[in-house]
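One structure is given below, encoded as structure tokens.
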Protein chains: 2
Amino acid sequence: MSRAHNSSGPPRPSEELDGRRAAILDAVVAEYVETAQPVGSATVARSAGVGVSPATVRAEMVALEREGYLTQPHTSAGRIPTDLGYRFFVDHLAEPGVLGPTQRSQVARFFNHVRGEMEEVLERTSALLAELTSHASVVVGPSHDAARIVSAQVVRLASKVGLVVTVLDDGAVEKATVELDDDLADETLSVASAALAERFVGRELREVRAEEPLGLDPRAASIVTRSLEAVASIAARREPEHVFIGGSSRIASSFDAVETVRSVLATLEQQLVVVHLLNDVLDSGLSVAIGGEHGYEPLASCAVIVAPIAVEGAPSGVVGILGPTRMNYPEAMAAAEVVSSKLSRRFAAVRHGDPEDQVEPRRG
Amino acid sequence: MSRAHNSSGPPRPSEELDGRRAAILDAVVAEYVETAQPVGSATVARSAGVGVSPATVRAEMVALEREGYLTQPHTSAGRIPTDLGYRFFVDHLAEPGVLGPTQRSQVARFFNHVRGEMEEVLERTSALLAELTSHASVVVGPSHDAARIVSAQVVRLASKVGLVVTVLDDGAVEKATVELDDDLADETLSVASAALAERFVGRELREVRAEEPLGLDPRAASIVTRSLEAVASIAARREPEHVFIGGSSRIASSFDAVETVRSVLATLEQQLVVVHLLNDVLDSGLSVAIGGEHGYEPLASCAVIVAPIAVEGAPSGVVGILGPTRMNYPEAMAAAEVVSSKLSRRFAAVRHGDPEDQVEPRRG
DNA sequence: CTTGGCACTCCACTCTACCGAGTGCCAACT
DNA sequence: AGTTGGCACTCGGTAGAGTGGAGTGCCAAG
């Protein structure tokens with residue numbers, strides 16, 4: 001599991017932190033995540049893993065502040081972690097983080113019970129992630145452009161309107177309307193449909209190019225051309241295929257400045273931005289971007305956790321968690337990890353032709 | 001244009017308001033909507049349409065308060081409208097409300113330019129509505145169960161997974177996975193697909209029933225049965241077909257209590273609830289539900305404006321605006337009205353076989 | 001190097017006073 | 001009779017002063 005970060009690099013101190021400072025930083029992060037209050041030296045000294053007096057802690061905290069890991073909201077208040085502090089915390093997590101038993105069984109139940117089309121699974125997965133973590137979640141479905149076309153046809157919807165329908169081997173269905181000539185015979189349409197199928201089936205979506213079909217009734221040919229164009233433009237539009245955002249109301253619980261809430265929500269509404277964000281952050285494996293690290297201004301007070309969905313090694317989408325920088329990283333990372341890997345296995349199973357879910361052995 | 005409300009009836013005063021009181025109420029509503037501050041008698045007296053002194057206004061306000069149209073947040077503060085006050089205001093609007101020229105041209109431009117599938121149009125419409133009104137918007141697409149099936153087929157996705165794809169004459173495509181027997185021949189699948197098409201095409205989606213096909217290879221028959229079941233269950237699930245929620249970040253600007261924001265957003269997340277709400281509120285024509293009138297607790301501080309999308313008289317979806325009770329009703333109602341009627345015409349045009357948009361004559 | 005002691009800082013909270021917007025009431029006016 | 005200006009009153013919001021306490025930085029002793 002790699003924990004990449006794409007920060008363009010706030011000046012990192014040359015020396016890594018020694019064990020005691022790290023322990024103190026950990027304690028501050030843990031406490032601050034829980035209480036949302038600046039943490040004082042006494043509290044830190046009391047916490048496990050730090051066997052020194054408050055005075056010593058204070059001295060170390062001064063150092064940690066000088067090196068950029070902590071800040072004081074004001075003199076004579078406790079410390080809170082900076083983005084860099086969280087970064088260190090995340091990079092040096094001892095255990096990979098683990099879900100509570102309740103959450104674990106929640107995940108297991110979910111993946112045992114969920115049925116239906118991929119879109120529905122993804123949508124409900126985003127709700128699951130939000131529920132698990134109490135943060136907003138984003139799930140991006142696999143891109144279709146490497147998918148093979150298993151069916152293509154043109155059907156008539158109205159006298160002058162046709163619909164090109166292509167079915168992809170990942171279970172997605174793409175469609176596009178095409179204009180039909182005014183008095184087009186049904187037979188011509190069938191011919192066109194057949195010609196379309198012949199050209200499409202077995203190809204990958206991205207291979208589809210607008211081309212001039214040969215050896216056809218010119219009216220059918222014209223339909224085929226238009227259909228090719230329409231499908232090619234579907235394949236070309238780089239818009240994310242399916243983006244599901246869950247638990248956006250949790251944003252309101254995470255910040256008490258209503259303006260922050262508004263701007264984060266507004267950013268989430270722009271799905272394209274969110275997808276770019278996720279792809280920027282995603283390095284390989286589980287990735288975390290904290291505060292300013294992802295360069296998206298309105299999300300400066302947010303952290304993003306991203307995990308790829310990988311089917312047979314190929315990246316096939318992304319799950320993400322978006323919460324305040326003050327979030328429970330180990331738990332959120334564990335949730336992203338678990339959900340993404342379950343989803344990956346699920347999709348792989350479908351690909352291999354097993355429509356039934358794998359039943360998880362229940363233990364405990 | 002009817003402005004129904006489904007309130008279960010807070011005790012309405014027996015007498016309607018005379019002209020002066022109505023004018024005062026209007027002034028309070030207008031002022032409060034603009035400033036969000038309790039409105040005093042002096043401000044009201046100054047406003048146009050009320051030609052009396054503050055003292056008189058005060059006397060009338062006492063009456064309006066007694067009758068339930070106004071409240072005081074506390075003694076010696078100005079008045080703010082109650083839900084009933086807004087209700088009266090809405091029910092007695094002189095003009096139907098009109099959009100500003102900017103907004104009007106925005107709508108015109110939108111409907112001249114927007115292209116693509118119905119889903120995309122609906123989604124972008126919800127964004128438009130949000131933009132127009134600065135409130136959250138909801139757009140619900142037409143229900144498919146009266147739509148006719150124009151194409152049906154089964155295709156193979158993987159060795160043991162098939163996909164039933166049905167195309168409806170409103171341009172929607174429904175799909176469902178079916179399990180295939182392990183070594184099913186392609187020919188058998190084709191037979192099943194053809195049999196499916198024969199049974200489906202021309203029917204309405206809601207007519208589809210699981211039935212035992214006769215005179216078929218038993219393996220093909222089994223697929224047909226499963227496919228019928230799958231499609232029937234699609235038709236049966238009463239989940240809303242397509243719900244698009246736009247501008248939910250606007251909620252954050254509408255309320256300053258972060259808890260209100262959270263609960264409203266949480267309600268919006270439950271699309272089913274929202275759809276029920278809209279259907280409950282929708283009477284016929286443009287409808288408004290203010291505060292407690294719709295019985296949804298978490299939305300008690302919200303007003304909902306709903307307008308049907310009607311294609312050839314048949315209800316084909318709904319557009320809605322959800323904002324704080326303190327909203328600009330005339331403007332929001334005008335927006336809902338205009339957008340719903342444009343959408344209606346648009347869909348009617350598509351039905352009639354004209355895939356091109358009607359170009360609006362530009363005036364001014 | 002660590003630690004307890006200690007003076008200091010500064011936020012958060014409370015209390016008080018006060019200003020002013022807005023009211024209700026009343027007597028005078030049309 | 002209805003309307004109006006006058007007036008005393010109410011009460012929320014704000015500003016200022018005082019206070020308590022959490023937390024700090026520093027220092028000298030261990």
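Every chain is numbered from 1, with letters handed out A, B, ... down the list of sequences. Keep in mind the model is a prediction, meaning the values are calculated, not measured.
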Pairwise side-chain contact, [X] with [Y], heavy-atom cut-off 4.5 Å (strictly under):
{"X": "A/Ile24", "Y": "A/Met61", "value": "yes"}
{"X": "A/Val39", "Y": "A/Arg79", "value": "no"}
{"X": "A/Leu132", "Y": "A/Val107", "value": "yes"}
{"X": "A/Gln72", "Y": "A/Pro38", "value": "no"}

Who pairs with [X] by side-chain hydrogen bond (donor to acceptor under 3.5 Å, both in side chains), at least two apart in sequence or on another chain?
{"X": "A/Gln37", "result": "none"}
{"X": "B/Ser249", "result": "A/Glu269"}
{"X": "A/Thr133", "result": "none"}
{"X": "B/Ser134", "result": "none"}

What residues from residues 25-41 of chain A pass a heavy-atom cutoff of under 4.0 Å to DNA chain D?
A/Gly40, A/Ser41
Nucleic acid contacts of residues 42-53 of chain B, taken as heavy-atom distances under 4.0 Å to DNA chain D:
B/Val52, B/Ser53
Name all pairs fulfilling the salt bridge (Lys or Arg N to Asp or Glu O under 4.0 Å) condition that reach into residues 19-43 of chain A, sequence neighbours left out, sorted by first residue then second.
A/Arg20-A/Glu60, A/Arg21-A/Glu60, A/Arg21-A/Glu67
Does A/Thr56 make a side-chain N or O approach to OP1 or OP2 of C/dT3 shorter than 4.0 Å?
yes
According to the interplanar angle, ranging from 0 to 90°, do the rings of B/Tyr296 and B/His294 count as parallel (below 30°), tilted (30 to 60°) or perpendicular (above 60°)?
tilted
Once salt bridge (Lys or Arg N to Asp or Glu O under 4.0 Å) is applied, do any residues pair with A/Arg250, and if so which ones, sequence neighbours excluded?
A/Glu131
Would you work out how much the helix from C/dC1-D/dG30 to C/dT30-D/dA1 bends between its ends, with each end axis defined by five base pairs, to 10 degrees?
20°
Residue pairs fulfilling side-chain hydrogen bond (donor to acceptor under 3.5 Å, both in side chains) with at least one residue in residues 42-53 of chain A, sequence neighbours excluded
A/Ser53-A/Thr56
Among pairs that include at least one residue of residues 252-267 of chain B, which meet side-chain hydrogen bond (donor to acceptor under 3.5 Å, both in side chains), considering only residues two or more places apart or in two chains?
B/Glu259-B/Arg262
Of the nucleotides D/dC11, C/dT9, C/dC11, which one has an atom closest to the side chain of A/Ser76?
C/dT9
Would you kindly compare B/Arg20 and B/His74 by the position of their nearest DNA chain D nucleotide and give the one closer to the 5′ end?
B/Arg20
D/dG12 P sits how many Å from B/Ile80 CD1, rounded?
14 Å
Going 5' to 3' through nucleotides 24-30 of chain C and flagging B where a protein heavy-atom sits under 4.0 Å of the base, S where only the sugar-phosphate is that close, and - otherwise, we get BB-----
